[in-house]
Amino acid sequence: MGKKLKVLYNKKTILKRVKDLAQQISKDYPSGELILVGVLKGGFIFLADLVRALIIPVHIDFVRLASYGASTHSSGKVKILKDLETSITGKDVIIVEDIIDTGLTLEFLKQELFKRRPRSLKICALLDKKSRRKVEIKVDYVGITMEKNYFVVGYGLDFSEQYRHLPEIFFLDP
Ligand code: PRP
């Protein structure tokens, strides 16, 4: 039997928050010389909607990361499966993530990208599961702060590669 899906954030809520974030980013980078770094796979739909709501031109690149070690996410060991194809040295960069949970993935990515000496480096996340944080990390642009520790799927997020295509965000009701 499949698990039950219950809507947590509907299309209207998601798109309103995406639009707000895009407005803020457009205002903060008026010159438009910005590189958005999408984190695959989960962030692909958020990034696609975000860039279409911006009123500044941007460059887009992607990384793909993977947790490894004994207990995947909690081990904090992350490696790069696919690296950027663009140099970010001297550039303004925003990492675009679908969700921040423990913060370990972003902590790693931030440190990696800092080594390449960007002019600035910020983080934009659609969902922030604050209560689950293991490392302190500053999230500059947050779409929605999740109060509860739901396991969420849809809008790019998966459960064993299922449900990424769904247009709304659901929580899994076991
Ligand atoms: C998710 C999400 C973040 C990470 C957050 O990716 O997209 O990259 O987990 O977790 P953390 O804050 O605890 O490090 P996931 O590993 O599920 O891969 P996917 O995006 O390919 O689904």
Side-chain angles (χ1 to χ4, degrees), residues 2-25 28 36-51 53 60 62-82 93-114 121-174:
K3 298 193 187 260
K4 259 196 212 150
L5 299 184
K6 292 195 174 160
V7 175
L8 187 59
Y9 305 115
N10 62 26
K11 276 190 209 173
K12 204 175 152 199
T13 305
I14 298 168
L15 291 179
K16 165 82 174 76
R17 294 304 299 131
V18 171
K19 225 175 144 185
D20 290 346
L21 289 171
Q23 244 175 33
Q24 190 60 50
I25 291 170
D28 292 349
L36 298 183
V37 173
V39 184
L40 296 170
K41 299 178 189 173
F44 80 110
I45 290 184
F46 174 42
L47 180 70
D49 280 344
L50 185 73
V51 294
I60 296 162
F62 293 95
V63 289
R64 173 135 176 73
L65 306 170
S67 314
Y68 67 100
S71 56
T72 54
H73 273 184
S74 55
S75 69
K77 290 178 183 160
V78 183
K79 63 180 172 184
I80 299 179
L81 295 184
K82 185 221 168 291
V93 177
I94 301 180
I95 298 170
V96 180
E97 260 285 24
D98 50 350
I99 188 165
I100 307 179
D101 193 9
T102 62
L104 294 168
T105 306
L106 267 181
E107 174 71 9
F108 166 85
L109 182 60
K110 228 182 141 180
Q111 281 177 19
E112 273 303 305
L113 298 190
F114 259 134
L121 181 60
K122 290 195 177 178
I123 293 174
C124 174
L126 178 64
L127 300 174
D128 186 1
K129 259 192 193 178
K130 250 191 171 150
S131 61
R132 295 256 308 158
R133 208 69 101 248
K134 287 194 174 158
V135 282
E136 207 177 304
I137 193 151
K138 183 173 175 245
V139 190
D140 306 276
Y141 303 98
V142 182
I144 300 168
T145 302
M146 285 177 64
E147 300 302 335
K148 289 193 181 162
N149 181 25
Y150 285 126
F151 190 93
V152 283
V153 298
Y155 200 72
L157 291 144
D158 76 311
F159 171 68
S160 296
E161 294 302 325
Q162 289 184 84
Y163 311 124
R164 290 194 199 275
H165 62 290
L166 299 175
E168 316 197 286
I169 296 173
F170 299 82
F171 68 94
L172 281 183
D173 202 8

Considering all heavy atoms of both residues, which atom of [X] and which atom of [Y] are nearest to each other, and what is their separation?
X	Y	value
Leu47	Gly38	CD2-CA, 4.0 Å
Arg64	Leu40	NH1-O, 3.4 Å
Leu157	Ile99	CD2-CG2, 3.5 Å
Ile169	Gly154	CG1-O, 4.3 Å
Cys124	Ile94	CB-CG2, 3.7 Å
Lys82	Phe62	NZ-O, 3.2 Å

[atom2] on [Y] to [atom1] on [X], rounded to 0.5 Å:
X	Y	atom1	atom2	value
Asp101	Asn149	CG	CG	7.0 Å
Asp158	His165	CG	NE2	12.0 Å
Glu168	Ile14	CD	CD1	6.5 Å
Leu15	Leu50	CG	CG	11.0 Å
Leu5	Tyr163	CG	OH	5.0 Å
Asp140	Leu21	CG	CG	11.5 Å

Any side-chain to backbone donor/acceptor pair from [X] onto [Y]? Under 3.5 Å, distance only.
X	Y	result
Arg17	Gly143	yes
Arg132	Ile100	no
Lys129	Tyr150	yes
Lys11	Pro167	no

Practice task
Verify side-chain contact (heavy atoms from CB on, under 4.5 Å) between Leu65 and Leu81, making sure each step is shown before the conclusion.
Solution key: CA-CA 5 Å; Leu65 306 170; Leu81 295 184; over 6 Å; no
Exercise for the section: Could you label the plane-to-plane angle of the Phe46 and Tyr155 rings as parallel, tilted or perpendicular, counting under 30° as parallel and over 60° as perpendicular? Expected result: tilted
Practice task
I would like to know whether Lys16 and Tyr9 meet side-chain contact (heavy atoms from CB on, under 4.5 Å); could you show each step before the answer?
Solution key: CA-CA 11 Å; Lys16 165 82 174 76; Tyr9 305 115; over 6 Å; no
Exercise for the section: Starting from the C-alpha separation in whole Å, work towards a yes-or-no answer on side-chain contact (heavy atoms from CB on, under 4.5 Å) for Leu8 and Phe170. Expected result: CA-CA 5 Å; Leu8 187 59; Phe170 299 82; 5.9 Å; no
Exercise for the section: Using the side-chain contact (heavy atoms from CB on, under 4.5 Å) rule, take Leu106 and Val139 through it: C-alpha gap first, then chi angles, then the decisive distance, then the call. Expected result: CA-CA 10 Å; Leu106 267 181; Val139 190; 5.5 Å; no
Exercise for the section: Answer yes when Asp128 and Arg133 have at least one side-chain N-carboxylate O distance shorter than 4.0 Å, and no when they do not. Expected result: yes
Problem - SB check Glu107 Lys134 (cutoff 4.0 Å) - result: no
Handout entry: Residue Glu161 excluded, over 12 heavy atoms near CD under 6.0 Å
Key = yes
Handout entry: More than 12 heavy atoms of other groups within 6.0 Å of Lys130 NZ
Key =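 No - once you tally the heavy atoms of other residues, nucleotides and ligands closer than 6.0 Å, there are 12 at most.
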Practice task
Answer with yes or no after comparing the ring centroid distance for Phe159 and Phe151 against a 6.0 Å cut-off, counting only values under it.
Solution key: yes
Problem - Non-hydrogen side-chain atoms of Thr105 and Leu109 separated by less than 4.5 Å - result: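 A side-chain contact under 4.5 Å is absent here.
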